[in-house]
Trainee: 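Take this structure, written in structure tokens, and hold onto it; I'll ask about it next.
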Amino acid sequence: MLKQFLKCTALAAVLAAAPLMAHAADTPAMGGNITVTFKDDIATLDPAIGYDWQNWSMINGLFSRLVDYKAGTTELGPSLADSYDVSADGKSYTFKIHPGVKFTNGREITAADVKYSIERAVNPKTQGPGAGFFHSIVGADKMTAGTSQTMDGIVVVDDHTVRFDLVQPDATFLNVLALNFASVVPKEAVDAANGDFGKKPVGSGAFILKDWTVGQHLVFARNPDYFVKGRPYIDGFTVEVGQEPLVALLRLQKGEVDIAGDGIPPAKYLEMKNSPDFAGMIVDRDQLETSYVTLNTQVKPLDNPKVRQALNMAINKERIVRIINGRATPANQVLPPLMPGYDKDYKGYPYDVAKAKALLAEAGLPDGFSTEIYTSNTDPQPRITAAIQQDLAAIGVKAEIKALANPNVIAAGGTQGQAAMAWSGGLGWIADFPDPSDFYGPILACGSAVQGGWNWSWYCNKDIEPRAAAADAMPVPSKAAERADVWKQIFTDIQTKDAPWIPVFNERRVVAKSKRMGGPDEVYIDPTRVIDYDGISVKP
């Protein structure tokens, strides 16, 4: 079973080479410091809690995991684990940890740290959004229910060996172990931080946080003891916050900024794209992403499926795409078109104002109702939300806009009963890994409808749960097509019957970088890291 499994995974070829080495060919120049800008401050750098596109890359660079993705790809490779073994029934994984890897506090990492870190991510006291990813580990259900403080399915065999016992085979388990939520942290540092580990992170990644002045900047420096040789390329990077995106682009053009973290506002996009002055400064790539409006299924009158279906029919998605200069395609379902399981035959809800009004009348709301819609305050999100507001007004729904900084939008969405509706733009769902289960577990499953979670619809369908679990248990790649069909039906049923979302568009990601920045486009729009800071380099 081990040989066959290894041949069927992208991890196999890399794990066959025992030493942990960086690619020797085309190695970029070492050294240099860069400046990155964002409008909003960072919410947290705690890997068990942070879960937005803004902090995801920074957290990734501060911590290490048993396995990780090769830069710019969705191929899994070794990180803290030199090798692993899997049982014949696919329900037990044993990892050998690379000896001598140390946290930045100087202590060597052990298997006990792996167990503690994942149990901490699952523990409801942490109020992290990643617990649902680890559902297949024996004991995860008891921990999430609050009846146990440990997980029997994570076994410390010895200091450098850890075993995971699963309740069923899990086709995505290796992907889960590459998520930031599986990052290894030292318990003593978490305890010493006294609830503020997100501001005082201690990891074993490519970088160290040297300074965080809230509302001003974060300063990261190279970890001199990083166990992956030849990484990172840069000496460090500074993240400036409170910077308006248009001002950041002007400074980038002058060479004062290296990456405009908030991207290019639509009002500036065409000018930059067509100007020779910006040649080589724009990175524009497809991504596995859906931007949507969440409809809180626990808040009246959105608890009525007919109301949610009516709201789906009220939105003119073509008009919204024009607001961002066509940098997206209208969405009709939860999954993006490039994701396995995307239902090409499903047309979604049509834009039909008359039908939307009729559905509201059937729901006992012929005159509409009043509600709120949360949104990021960074352009173009308020303008998109205003367009949504106008569309809703056409069917009698009066939606008050609450434009807030990203961390506040995230907090509102993850607080039960608070955000009736939320526009995800700027926080749209980008796949953690290229599997349809990633668009269910963390954002639509019952286990993610918790305080601090990302299931902002607070959607929980107990009939869907066993179907999703069965799909995850199907082996890959032998049943990849069959598994994709199962997921396709799950998502089509969710949207057709329950409509907890209004899928609006699938957006391309656009990043602006200075001309002195090196490295391929993939490190600036990385499919799993957003920005791959340890893969970025400065041209000589």
Trainee: Could you tell me which non-hydrogen atom of A71 sits nearest to which non-hydrogen atom of R529, and how far apart they are?
Mentor: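 Answer, listing the atom of A71 first, then R529: N-NH2, 4.0 Å.
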
Trainee: Keeping K200 on the side-chain end and A193 on the backbone end, is there a donor-acceptor pair under 3.5 Å?
Mentor: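 No: the side chain of K200 does not pair with the backbone of A193.
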
Trainee: Cut-off 3.5 Å, side chains only: do D526 and T528 have a donor facing an acceptor?
Mentor: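 Yes, because at least one side-chain N or O of D526 sits under 3.5 Å from a partner of the opposite role on T528.
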
Trainee: Looking at CD1 of I208 and CZ of R222, how far apart are the two atoms once the value is rounded to the nearest 0.5 Å?
Mentor: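 That separation rounds to 11.0 Å.
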
Trainee: What distance separates L66 CG from L80 CG, expressed to the nearest 0.5 Å?
Mentor: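 So the gap between those two atoms works out to 6.0 Å.
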
Trainee: Taking NZ in K515 as the centre, count heavy atoms belonging to other residues, nucleotides or ligands within less than 6.0 Å. Is the count above 12?
Mentor: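 Yes, because the 6.0 Å sphere around NZ of K515 holds more than 12 heavy atoms from other groups.
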
Trainee: Roughly how far, to the nearest 0.5 Å, is CD1 of I410 from OG of S424?
Mentor: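 Those atoms lie 11.0 Å apart.
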
Trainee: List the atom of A171, the atom of M474, and the distance in Å for their closest heavy-atom pair.
Mentor: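 Of all heavy-atom pairs spanning A171 and M474, the closest is CB-O, 3.3 Å.
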
Trainee: If we ignore hydrogens and angles and just use 3.5 Å, is the side chain of R285 paired with the main-chain N or O of E522 as donor and acceptor?
Mentor: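 Side chain of R285 to backbone of E522: no pair is present.
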
Trainee: Looking only at heavy atoms, which two atoms of G263 and P265 are closest? And how far apart?
Mentor: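 Heavy atoms of G263 and P265 come nearest at O-CD, 3.6 Å.
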
Trainee: Quick check: closest heavy atoms across T37 and A248, and the distance to 0.1 Å?
Mentor: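 Looking at all heavy atoms of both residues, the shortest contact is OG1-CB, 3.3 Å.
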
Trainee: Measure the shortest side-chain to side-chain distance between Q149 and K125 over non-hydrogen atoms and say whether it is less than 4.5 angstrom.
Mentor: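 Sidechains of K125 and Q149: in contact.
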
Trainee: With a 4.5 Å cut-off on side-chain heavy atoms, are Q253 and M272 touching?
Mentor: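 No, too far: nothing below the 4.5 Å cut-off.
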
Trainee: Is it true that S514 and D258 share a donor-acceptor pair across their side chains at a distance under 3.5 Å?
Mentor: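 The criterion, which ignores hydrogens and geometry beyond distance, is satisfied for S514 and D258.
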
Trainee: To the nearest 0.5 angstrom, please state how far the CG atom of L250 sits from the CD atom of E244.
Mentor: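 Spacing of CG (L250) from CD (E244) equals 11.5 Å.
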
Trainee: For the residue pair S64 and S79, confirm or rule out a side-chain donor-acceptor distance under 3.5 Å.
Mentor: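 No pair is found: no donor N or O on one side chain lies under 3.5 Å from an acceptor on the other.
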
Trainee: Can you name the closest pair of heavy atoms from L62 and P201 and give their distance?
Mentor: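 Of all heavy-atom pairs spanning L62 and P201, the closest is CD1-CG, 3.9 Å.
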
Trainee: Can any side-chain N or O of N455 pair as donor or acceptor with the backbone N or O of A445 at less than 3.5 Å?
Mentor: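 A pair under 3.5 Å: yes.
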
Trainee: Near D277 CG, under 6.0 Å, is it more than 12 heavy atoms from other residues, nucleotides or ligands?
Mentor: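 Yes, enclosed.
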
Trainee: With the side chain counted from C-beta on, respond yes when V409 and N377 share a heavy-atom pair under 4.5 Å apart, and no when they do not.
Mentor: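 The answer is no, as the side chains (C-beta and beyond) never meet within the 4.5 Å cut-off.
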
Trainee: Test side-chain contact (heavy atoms from CB on, under 4.5 Å) on I259 and I536 and set out the steps.
Mentor: CA-CA 11 Å; I259 301 176; I536 285 172; 3.8 Å; yes

Trainee: Going by side-chain contact (heavy atoms from CB on, under 4.5 Å), name the residues that satisfy it together with P169, two or more places apart in sequence or in a different chain.
Mentor: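 P169 satisfies side-chain contact (heavy atoms from CB on, under 4.5 Å) with K91 only.
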
Trainee: Mind telling me whether F207 and Y533 have parallel, tilted or perpendicular rings, with 30° and 60° as the class edges?
Mentor: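 If you compare the ring of Y533 with that of F207, the planes turn out perpendicular.
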
Trainee: With side chains defined as the heavy atoms from C-beta onward, is the minimum distance between T44 and F197 less than 4.5 Å?
Mentor: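 They are not in side-chain contact.
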
Trainee: Does V257 offer a backbone N or O that forms a donor-acceptor pair with the side chain of E240 under 3.5 Å?
Mentor: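 Not confirmed, E240 side chain does not pair with V257 backbone.
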
Trainee: So, D196 and K199, do they make that salt bridge, N to O below 4.0 Å?
Mentor: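 Salt bridge: no.
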
Trainee: Compare all side-chain heavy atoms of I118 with those of I154 and state whether any distance is below 4.5 angstrom.
Mentor: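 In contact.
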
Trainee: Would you tell me whether E289 and S291 have side-chain atoms, one donor and one acceptor, within less than 3.5 Å of each other?
Mentor: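 Yes.
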
Trainee: What distance do D113 atom CG and F103 atom CZ have between them, rounded to the nearest 0.5 Å?
Mentor: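 Between atom CG of D113 and atom CZ of F103 there are 4.0 Å.
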
Trainee: Do V228 and D534 have side chains that approach each other closer than 4.5 Å (heavy atoms only, starting at C-beta)?
Mentor: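 V228 vs D534: side chains apart.
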
Trainee: Any donor and acceptor pair, going by atom type alone, linking the side chain of D82 with main-chain N or O of K96 inside 3.5 Å?
Mentor: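 It does not hold such a pair.
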
Trainee: So, S376 and N406: side-chain donor and acceptor under 3.5 Å apart, yes or no?
Mentor: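 Yes - a donor-acceptor pair under 3.5 Å links their side chains.
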
Trainee: Going by side-chain contact (heavy atoms from CB on, under 4.5 Å), name the residues that satisfy it together with P434, two or more places apart in sequence or in a different chain.
Mentor: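 T74, L288.
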
Trainee: Roughly how far, to the nearest 0.5 Å, is CE of M281 from NZ of K513?
Mentor: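 Atom-to-atom, K513:NZ and M281:CE are 8.5 Å apart.
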
Trainee: I'd like to know if the side chain of T126 and the backbone of R120 have a donor-acceptor N/O pair within less than 3.5 Å.
Mentor: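 Yes, T126 side chain to R120 backbone: donor-acceptor pair under 3.5 Å.
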
Trainee: Keeping to residues at least two apart or across chains, list the ring pair (Phe, Tyr, Trp, His ring centres under 6.0 Å) pairs with something in residues 41-80.
Mentor: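 Counting only pairs at least two positions apart or across chains, the ring pair (Phe, Tyr, Trp, His ring centres under 6.0 Å) contacts touching residues 41-80 are F38-W53, Y51-W56, Y51-F181, Y51-W429, Y51-W454, W56-F181.
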
Trainee: Starting from the C-alpha separation in whole Å, work towards a yes-or-no answer on side-chain contact (heavy atoms from CB on, under 4.5 Å) for M151 and I137.
Mentor: CA-CA 8 Å; M151 291 163 62; I137 302 176; 3.6 Å; yes

Trainee: Please report the C-alpha distance between L174 and F433 in whole Å, then the side-chain angles of each, then the deciding distance to 0.1 Å, and finally whether the side-chain contact (heavy atoms from CB on, under 4.5 Å) criterion is met.
Mentor: CA-CA 10 Å; L174 290 176; F433 48 86; over 6 Å; no

Trainee: So which heavy atom on R65 is nearest to which on S183, and how close?
Mentor: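 Where R65 meets S183 most closely, the heavy atoms are NH1-OG, 2.8 Å.
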
Trainee: Does some side-chain heavy atom of T172 sit less than 4.5 Å from a side-chain heavy atom of D438?
Mentor: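 A side-chain contact is absent here, since even the closest heavy-atom pair is not under 4.5 Å.
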
Trainee: Has T110 got a side-chain atom pairing as donor or acceptor with D159's backbone, closer than 3.5 angstrom?
Mentor: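 Such a contact is absent between T110 side chain and D159 backbone.
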
Trainee: Are D472 and R483 ion-paired here, with the side-chain N under 4.0 Å from a carboxylate O?
Mentor: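 Answer for the salt bridge query: yes.
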
Trainee: Passes salt bridge (Lys or Arg N to Asp or Glu O under 4.0 Å), K142 versus D152? Steps please.
Mentor: CA-CA 10 Å; K142 293 181 180 179; D152 292 341; 5.2 Å; no

Trainee: Charged N to carboxylate O below 4.0 Å: is that the case for K273 and D284?
Mentor: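 Salt bridge: no.
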
Trainee: If you define the side chain from C-beta out and look only at heavy atoms, does anything of P245 sit under 4.5 Å from T378?
Mentor: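 P245 reaches T378 side chain to side chain.
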
Trainee: Could you check whether any side-chain N or O of Q287 sits under 3.5 Å from a backbone N or O of E507, counting only pairs where one atom can act as donor and the other as acceptor?
Mentor: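 Yes; at least one donor-acceptor contact below 3.5 Å.
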
Trainee: D41 and L218: side-chain contact (heavy atoms from CB on, under 4.5 Å), yes or no, with the steps?
Mentor: CA-CA 9 Å; D41 209 340; L218 297 87; 4.2 Å; yes

Trainee: Is the side chain of S148 donor-acceptor paired with the backbone N or O of M143 at a distance under 3.5 Å, no angle test?
Mentor: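 Not a single qualifying donor-acceptor pair exists.
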
Trainee: Using only heavy-atom distances, determine whether the side chains of D158 and T161 contain a donor-acceptor pair under 3.5 Å.
Mentor: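 A donor-acceptor contact under 3.5 Å links the two side chains.
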
Trainee: Check for me whether the distance between the ring centres of F237 and F220 falls short of 6.0 Å.
Mentor: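 Yes: the rings meet the under 6.0 Å criterion.
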
Trainee: Counting only N and O atoms by type, is there a donor-acceptor contact under 3.5 Å from the side chain of Q127 to the main-chain atoms of Q451?
Mentor: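 Pair absent, no side-chain N/O of Q127 close to backbone of Q451.
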
Trainee: If we check side-chain contact (heavy atoms from CB on, under 4.5 Å) with V86, which of these qualifies: F164, F173, Y93?
Mentor: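 Only match with V86 under side-chain contact (heavy atoms from CB on, under 4.5 Å): Y93.
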
